[in-house]
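First comes the structure, then the notes that go with it.
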Amino acid sequence: MNIVNIVASGDIGEELDLHAIYNDLNIEDVQYEPEQFPGLQLRFSQEGPVVILFSSGSYTIVGVRTEEQVSELYKRLNNVLQELEVKYDFERGRPEIQNLICKGELSREIDLDNLVVALGLENIDMSLNNHRSYTTGQRKRIV
């Protein structure tokens, strides 16, 4: 089993003026089109993971594969916000991992309906895309 994507989120606890941040950023790969999507999207490297900032102060990190990468992106976000003189509690704003998306060959079929019952999971949402997955009420995913 390999982790192919981690989704983490956090909240810095401060309202953000995304227009001002967008105009003042010194990052090459940044997108902000509020009429299409309310978040400001930052990439610190081309085709790299994305940090999405929202005006509420919440943010989401997408496209990393390790907890270390989550921490590194949060530090880089912190550096950017410090340069822009945005004040907040660094420790309080730390991200939490919400989803691990894993891929691997189990070499046998698994009945996900029976697995969910056996694990005693409640509040399950089922998603049928190219694969079958379940999301629990606690936002953890079994794929």
Side-chain angles (χ1 to χ4, degrees), residues 1-22 24-84 86-107 109-143:
M1 226 15 108
N2 296 316
I3 296 173
V4 296
N5 189 16
I6 294 176
V7 177
S9 64
D11 192 328
I12 65 169
E14 298 292 330
E15 294 273 326
L16 299 171
D17 181 347
L18 297 182
H19 290 284
I21 290 173
Y22 177 74
D24 294 342
L25 273 174
N26 241 352
I27 296 174
E28 193 170 308
D29 197 351
V30 60
Q31 293 180 336
Y32 184 53
E33 298 176 29
E35 61 281 346
Q36 293 182 4
F37 182 71
L40 184 144
Q41 301 174 49
L42 301 164
R43 283 186 200 267
F44 295 100
S45 63
Q46 191 175 16
E47 302 299 319
V50 178
V51 178
I52 306 170
L53 278 174
F54 297 94
S55 61
S56 65
S58 66
Y59 65 91
T60 302
I61 297 171
V62 181
V64 296
R65 294 182 180 215
T66 67
E67 288 184 55
E68 293 78 21
Q69 288 176 322
V70 171
S71 295
E72 178 59 31
L73 274 178
Y74 181 58
K75 288 177 189 171
R76 292 183 81 175
L77 173 62
N78 179 60
N79 291 340
V80 165
L81 294 177
Q82 280 185 338
E83 287 176 16
L84 298 174
V86 175
K87 307 283 186 222
Y88 66 99
D89 183 342
F90 179 79
E91 290 302 320
R92 184 172 159 242
R94 284 195 180 278
E96 292 184 20
I97 293 175
Q98 302 300 325
N99 287 313
L100 296 174
I101 293 87
C102 301
K103 184 177 181 179
E105 181 61 45
L106 297 176
S107 301
E109 287 190 29
I110 303 288
D111 184 332
L112 291 179
D113 294 319
N114 286 335
L115 178 63
V116 166
V117 171
L119 293 174
L121 300 174
E122 298 176 1
N123 301 321
I124 301 296
D125 295 325
M126 188 170 79
S127 170
L128 293 173
N129 297 330
N130 294 333
H131 61 279
R132 205 166 162 190
S133 67
Y134 289 93
T135 305
T136 69
Q138 294 83 26
R139 299 169 137 179
K140 305 296 180 194
R141 179 169 279 181
I142 301 169
V143 179

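Residue numbers run from 1 in the order of the sequence given.
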Go through Phe54 and Asp11 one step at a time and tell me if the side chain to side chain contact (heavy atoms under 4.5 Å, CB included) criterion holds.
-> CA-CA 9 Å; Phe54 297 94; Asp11 192 328; over 6 Å; no

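Rounding to the nearest 0.5 Å gives a distance of 8.0 Å between OG1 of Thr60 and CD of Gln98. Atom CD of Glu67 is separated from atom CG of Leu100 by 8.0 Å, given to the nearest 0.5 angstrom. Annotation: the span from Met1 atom CE to Leu106 atom CG amounts to 4.0 Å, rounded to 0.5 Å. Rounding to the nearest 0.5 Å places NZ of Lys75 at 9.5 Å from CG of Asn79. For the atom pair Arg43 CZ and Ile52 CD1, the distance stands at 9.0 Å (nearest 0.5 Å). To the nearest 0.5 Å, the span separating OG on Ser71 from CG on Asn78 amounts to 12.0 Å.
No side-chain heavy atom of Gln41 sits less than 4.5 Å from a side-chain heavy atom of Asp29. Side-chain contact between Val86 and Ile12 is present, with heavy atoms from C-beta onward closer than 4.5 Å. Counting heavy atoms from C-beta outward, Asn2 and Lys103 have side chains that stay 4.5 Å or more apart. Taking 4.5 Å as the limit, every side-chain heavy atom of Leu53 sits out of range of all side-chain heavy atoms of Tyr32. In this structure, the side chains of Leu25 and Leu42 come closer than 4.5 Å at one or more pairs of heavy atoms. Annotation: side chain of Ile101 is in contact with side chain of Val7 (closest heavy-atom distance under 4.5 Å).
Nearest approach of Leu16 to Gly57, heavy atoms of both residues: CD1-CA, 4.0 Å. In terms of heavy atoms, Ala8 sits closest to Val70 at CB-CG1, 3.9 Å. Residues Phe44 and Leu77 come closest through the heavy atom pair CZ-N, 4.0 Å. Ile27 and Val80 make their closest contact through CD1-CG2, 3.6 Å (heavy atoms, listed as atom of the first residue, atom of the second, distance). Of all non-hydrogen atoms in Glu14 and Tyr88, the two that sit nearest each other are CG-CB, 3.9 Å. In terms of heavy-atom proximity, Asn5 sits nearest to Gly63 at OD1-N, 2.8 Å.
Of the possible donor and acceptor atoms, none in the side chain of Glu33 sits under 3.5 Å from a partner among the backbone N and O of Glu35.
With a 6.0 Å radius and a threshold of 12 heavy atoms from other residues, nucleotides or ligands, Asn26 has its CG atom at or below the threshold.
Ring pair Tyr74/Tyr59 is parallel by interplanar angle, where below 30° counts as parallel and above 60° as perpendicular.
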